[in-house]
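Heads up: the structure comes next, in structure tokens.
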Amino acid sequence: MDTAVKTPKSMKATEMVARDYIEMTETYSAQNYGPLEVVIKSGKGVWVEDVEGRRYIDFLSAYSALNFGHCNPRINKVAHAQLDALTLTSRAFYADTLAYLVRDLAKFCRKDRVLIMNSGAEAVETAIKAVRRWAYDIKKVPEGQAEIIVFDGNFHGRTTTIVGFSSSADSKRGFGPFTPGFKLVPFGDIDAVASAITPNTAAVSVEPILGEGGVIIPPDGFLKQLRELCTKNNVLLIADEIQTGMCRTGKIFACDHEGVDPDVLILAKSLGGGIIPISCIAANDNVMQVFNPGSHGTTFGGNPFACAIAREVIALINEEKPHERAAELGAYAVSRLRSIKSKVIKEVRGRGLMIGIDIDPAAGTAKDFCKKLKYAGLLCKDTRSQTLRMAPPLVITQEELDAGLAIIEKVLGDHP
Ligand SMILES: *Cc1c(COP(=O)(O)O)cnc(C)c1O
């Protein structure tokens, strides 16, 4: 076995260049990501700086986990203070910050109770457990028969159960056998959902807008129809708002666009203020009562550090109303992007500051254009092969947005 530690040519931190950090990462990290070649060292608001001093505008926001920007001063202040007070107790004990958070978060989600976890995927797993137990204990579905309806193009995380009901072959290959009990139907097709419902259906799980699936917005009225269909059939509606929630789409939750109240709401990503993972499901007593001591948990879930940060995030949303900025600036951005004269752009879709730009395959892949945008000073990410996802932090100013749009115009527009 080769035990020699592979170190980049320039060994002192002061001599390290971007290439060295990339090489070191690719040598020692599992290659489960294919990042853009930019090595970031610091960030503030919508801007990040790389190890060689170049500045970029961040139009990805860590997949909407940074809705309130890099190193938000208000959130960082609370984090610093909590770091020196208390960070972890485990749920074997109570903690003051947990008490405040569950109260404020339940109210924010307009539900009786919340159950706190760490990652998004964990919260989705929690929702699956909740609706299954509800199906057996309350709806009286025969043991082992509960079904959950999910959509083609869904992304709910990376655990084995969750990738098992993904429609993406890349996410699943080699990871089976998978958990049974899920039915896939086409996204936005209410008749398909109606046909898939049986007496054993526990829930329908939906992303109000497919995020990883390509920023796909369902037909107007779809969420409302889904809500009515679920209510009529005594089926729970789960809304995975991990990416669409926390103000991204111009409302606090994307379900608010159609006045829809899901039975189980899932939040993660920006709930942690861009600092720490924290996720939750929120539900009323009729569902949440299925959990009793010993039925579910996680060591770091509800830790005081994350709770203090999430509570400040909620206060920030209530006071600063970032969803209103997202609605206004998002409408402006989409109309400006649609007005770009371009042979490269096939379609622009968006709600609030969650925007997808489809690239004509004849011009290249979305990833090709991510690289070009990076050289021009803007960071974003492809999703599927032909969609560029644009989701800047919601704290972006009009001037910063204009600077970003100018880069997109320069790179994607026609230049005779
Ligand atoms: C990111 C995401 C998840 C998974 O969250 P993790 O924290 O990465 O586990 C689940 N659902 C949606 C809609 C997401 O965007």
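Ligands are counted one by one from 1 in listed order, and the atoms in each one are counted from 1 as well.
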Report summary line: Less than 4.0 Å from some atom of ligand 1, heavy atoms are found in residues Ser119, Gly120, Ala121, Phe155, His156, Gly157, Glu207, Asp240, Ile242, Gln243, Lys269
Query raised in the report: Do Ile238 and Pro262 have side chains that get closer than 4.5 Å, going by heavy atoms?
Result: no
Query raised in the report: Considering only heavy atoms from C-beta outward, does the side chain of Asn318 approach that of Phe108 to under 4.5 Å?
Result: yes
Query raised in the report: Hey, would you say the Phe151 and Phe222 ring centroids sit under 6.0 Å apart?
Result: yes
Report task. List the steps, then state whether salt bridge (charged side-chain N to carboxylate O under 4.0 Å, His left out) holds for Glu312 with Arg74. Result -> CA-CA 8 Å; Glu312 187 63 11; Arg74 174 170 178 173; 2.7 Å; yes
Requested in this report: With sequence neighbours excluded, tell me which residues meet side-chain contact (heavy atoms from CB on, under 4.5 Å) with Ser29.
Outcome: Thr25
Query raised in the report: Between Lys372 and Phe369, is NZ or CZ placed under 6.0 angstrom from the six-membered ring centre and within 45° of the ring axis?
Result: yes
